[in-house]
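Read the structure below first, then the notes.
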Amino acid sequence: MLDLKLIRENPELVKKAAERKNEKKCRVDLIIELDNRRREIIREVEQLKSERNRVTSEIARKKKTGEPADDIIEDMRRLGDKIQELDNQLRELDAELNKELAWVPNIPHESVPVGADETANIVVRQWGEIKEPGFKVLPHWEIGEKLNLMDLSAAARISGSGFYLLKGAGARLQRALINYMLDMHQADGFIEICAPFIVSAEAMFGTAQLPKMDDDMYKTEGDGLYLVPTGEVPFTNIYRQEIISHDILPLYLVGYTPCFRREAGAAGKDTRGLLRVHQFDKVELVKIVRPENSYEEFENLVKQAEKVIQGLGIPYRVSLLSTGDMTFASRKTYDIEIWSAGVAKYLEISSISTFEDFQARRMNCRFRDEEKKVRFVHTMNGSGVALARLIPAILENYQNEDGTITIPKVLRPYLKGETKIG
RNA sequence: GGAGAGGUGGCUGAGUGGUCGAAAGCGGCGGUCUCGAAAACCGUUAUACCCUUUGGGUAUCCAGGGUUCGAAUCCCUGCCUCUCCGCCA
């Protein structure tokens with residue numbers, strides 16, 4: 001949510017941002033008009049209320065002294081009707097205005113490259129060396145089935161297409177990865193959270209999955225609750241509707257969650273094996289910080305996610321997303337793409353975004369600073385990282401010519417010291 | 001799922017339908033005192049919005065409706081918390 005004042009004062013800036021993010025449901029002119037009408041009514045109704053408050057205390061005084069007040073009570077009855085009518089109009093306008101405001105995307109940061117899609121993204125750094133394996137590396141879905149680490153047809157039997165099932169060493173590998181990541185982040189000051197995986201529409205609105213992504217979410221039938229599409233939702237919403245004290249900031253949160261996504265209309269590209277599925281697991285990083293150090297915290301958050309992959313020794317690169325490739329709520333986003341030896345290309349494994357106060361406004365999450373001033377917090381998050389992309393990367397980058405998988409050194413303590421799968 | 005109790009400011013906690021944005025206490029902040037601190041005493045201590053913005057106004061006692069000239073107070077609905085019973089990993 002943007003500050004209504006900002007929209008009022010800089011409508012062109014907001015329009016340009018919406019255009020660059022390709023957000024067609026953002027209607028700035030309508031918002032300005034609703035806002036003007038709203039303020040007009042507020043002015044009128046508040047004047048009437050002021051009148052009512054004045055006369056009402058006069059009535060109280062007269063009643064006390066026993067003076068008659070019937071005539072002004074009659075006047076007030078009419079005034080009350082008028083106030084109610086205006087209040088109703090105001091309520092409707094507010095609802096309409098809020099509905100429109102919910103569709104105004106965040107404004108991309110000045111440093112974000114302007115462009116229509118991912119072709120305008122800028123690779124900001126690269127890490128690790130891509131080595132020529134010297135043999136034909138099997139893609140993860142082949143080596144995975146061969147070594148009995150996963151069973152995609154079983155998953156289809158259970159749930160339909162777009163699901164995966166890990167078993168044996170595959171399932172244990174995932175658990176090892178989760179623990180490796182949680183331990184690492186915790187050692188770097190992140191507080192581990194285990195939060196609900198099913199959340200309210202309000203929480204989904206808070207982090208701005210709603211209203212835009214409604215069709216991409218799994219929704220429960222009777223209760224109108226949503227299955228989390230990312231740990232971002234429960235973790236960021238922890239302090240929704242709260243005024244928190246400055247001395248608990250910055251908050252670094254980490255946790256494991258499954259992620260549920262309908263992926264409506266995503267068929268085709270990069271969908272084989274675990275690459276695009278309706279349920280995957282993720283370790284998520286969330287920071288809630290004061291505005292002052294927001295961007296320093298953000299850059300460090302990117303590095304925190306990179307550290308996971310560096311520990312595993314797999315090449316990756318970091319890209320700064322262009323305006324057209326960013327999400328609705330984001331002010332600035334980096335993607336981390338990991339090298340996939342099986343398909344010989346980089347695959348997105350983490351997306352790190354900062355929102356400044358965009359989510360905080362939607363959640364109404366604020367903090368009280370040293371001067372007792374109440375201000376919006378800044379929020380940001382990043383995958384740290386997605387398992388459904390990390391497992392393929394390991395199965396492919398650690399594949400040996402004899403069809404076995406070497407277990408990365410950092411994971412061995414989590415796998416009883418084993419060094420090899422297969 | 002059933003029965004009951006309750007939701008008031010940063011916290012605890014008063015509040016007969018009419019000077020109640022709300023007593024009191026605690027905490028916080030400022031001051032007096034002190035070499036300094038504690039204690040004591042004095043003062044201060046919410047948020048959002050609107051406007052003709054050193055000022056004025058409106059709203060907010062869980063949320064949303066309603067009754068009324070007037071609601072923290074009365075009525076309805078919802079949400080949440082607690083207690084007991086049932087069910088249950």
Side-chain angles (χ1 to χ4, degrees), chain A residues 1-9 31-102 194-206 210 220-226 234 237-249 251 258 290-291 357-358 360-377:
Chain A
M1 193 93 82
L2 292 180
D3 186 1
L4 185 54
K5 266 195 213 108
L6 177 93
I7 302 175
R8 193 186 293 155
E9 284 159 18
I31 287 168
I32 302 278
E33 192 195 319
L34 290 170
D35 176 48
N36 284 336
R37 261 159 58 200
R38 176 179 150 272
R39 281 188 296 160
E40 219 169 278
I41 293 177
I42 286 174
R43 218 176 309 149
E44 196 180 346
V45 78
E46 286 191 349
Q47 213 171 343
L48 297 182
K49 282 180 179 174
S50 172
E51 168 78 359
R52 179 175 68 184
N53 288 344
R54 195 178 58 74
V55 176
T56 274
S57 46
E58 201 184 316
I59 292 172
R61 195 178 49 78
K62 287 195 173 180
K63 291 259 175 180
K64 218 169 244 169
T65 58
E67 287 176 64
D70 292 354
D71 50 337
I72 47 177
I73 285 178
E74 186 52 41
D75 286 350
M76 285 306 101
R77 187 171 290 144
R78 277 196 296 273
L79 187 65
D81 290 347
K82 180 75 186 154
I83 287 172
Q84 183 158 48
E85 192 193 315
L86 288 173
D87 266 342
N88 286 340
Q89 279 181 37
L90 196 58
R91 217 177 2 251
E92 275 169 43
L93 269 175
D94 269 337
E96 206 178 331
L97 184 60
N98 284 331
K99 211 175 83 195
E100 293 300 329
L101 282 174
C194 179
F197 301 154
I198 303 180
V199 300
S200 66
E202 287 79 9
M204 291 285 270
F205 181 87
L210 287 181
T220 67
E221 187 117 356
D223 317 285
L225 295 171
Y226 290 81
N237 273 287
I238 289 176
Y239 294 100
R240 190 171 70 86
Q241 296 279 358
E242 294 282 319
I243 298 173
I244 55 184
S245 167
H246 65 85
D247 53 25
I248 67 165
L249 297 178
L251 276 162
R290 332 175 38 121
D357 62 7
F358 190 82
R361 284 177 188 282
R362 294 171 88 96
M363 296 190 296
N364 199 22
C365 175
R366 295 167 297 170
F367 75 103
R368 199 181 296 276
D369 69 13
E370 290 83 349
E371 276 86 54
K372 304 272 227 164
K373 279 203 61 148
V374 175
R375 295 151 66 194
F376 285 109
V377 297

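Just so we're on the same page: letters track the sequence lines, and every chain starts at 1.
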My understanding is that only residues two or more places apart in sequence, or in another chain, count here; which of them pass side chain to side chain contact (heavy atoms under 4.5 Å, CB included) with Arg361(A)?
Met1(A), Asp3(A), Asp357(A), Phe376(A)
Those residues that, when tested against Glu92(A), pass side chain to side chain contact (heavy atoms under 4.5 Å, CB included) (two or more places apart):
none
Just distance, no hydrogens or angles: give the donor-acceptor pairs under 3.5 Å from side chains in residues 71-80 of chain A, sequence neighbours left out.
| residue | atom | partner | partner atom | Å |
| --- | --- | --- | --- | --- |
| Glu74(A) | OE1 | Arg77(A) | NH1 | 2.8 |
| Asp75(A) | OD1 | Arg78(A) | NH2 | 3.0 |

For Ile238(A), give me all partners under side chain to side chain contact (heavy atoms under 4.5 Å, CB included), at least two apart in sequence or on another chain.
Ile193(A), Leu253(A)
Residues which pass side chain to side chain donor-acceptor pair (under 3.5 Å) with Arg290(A), listed by chain and number, not counting sequence neighbours:
Glu292(A), Glu370(A)
Which ones in residues 194-204 of chain A lie close to RNA chain B, meaning a heavy atom under 4.0 Å from one of its atoms?
none
Tell me, please, which residues at least two apart from Arg91(A) pass side chain to side chain contact (heavy atoms under 4.5 Å, CB included).
Asn88(A)
For Thr65(A), enumerate each residue passing the side chain to side chain donor-acceptor pair (under 3.5 Å) test, keeping only those at least two apart in sequence or located in another chain.
Glu67(A)
Side chain to side chain donor-acceptor pair (under 3.5 Å) filter on Glu100(A), not counting sequence neighbours, yields Arg27(A)
Can you tabulate the close N/O pairs, meaning under 3.5 Å, that link protein atoms to atoms of nucleotides 15-23 of chain B?
| residue | atom | partner | partner atom | Å |
| --- | --- | --- | --- | --- |
| G18(B) | N2 | Thr56(A) | O | 3.4 |

Describe the nucleic acid contact of Arg78(A) in one word from base, sugar-phosphate, nothing, applying a heavy-atom distance below 4.0 Å.
nothing
Taking side chain to side chain donor-acceptor pair (under 3.5 Å) as the test, write out the residues that go with Arg240(A), two or more places apart.
none
Using a 4.0 Å heavy-atom cut-off to protein, can you give one letter per nucleotide of nucleotides 49-59 of chain B, 5' to 3': B if the base is in contact, S if only the sugar-phosphate is, - if neither?
SBS-----BBS
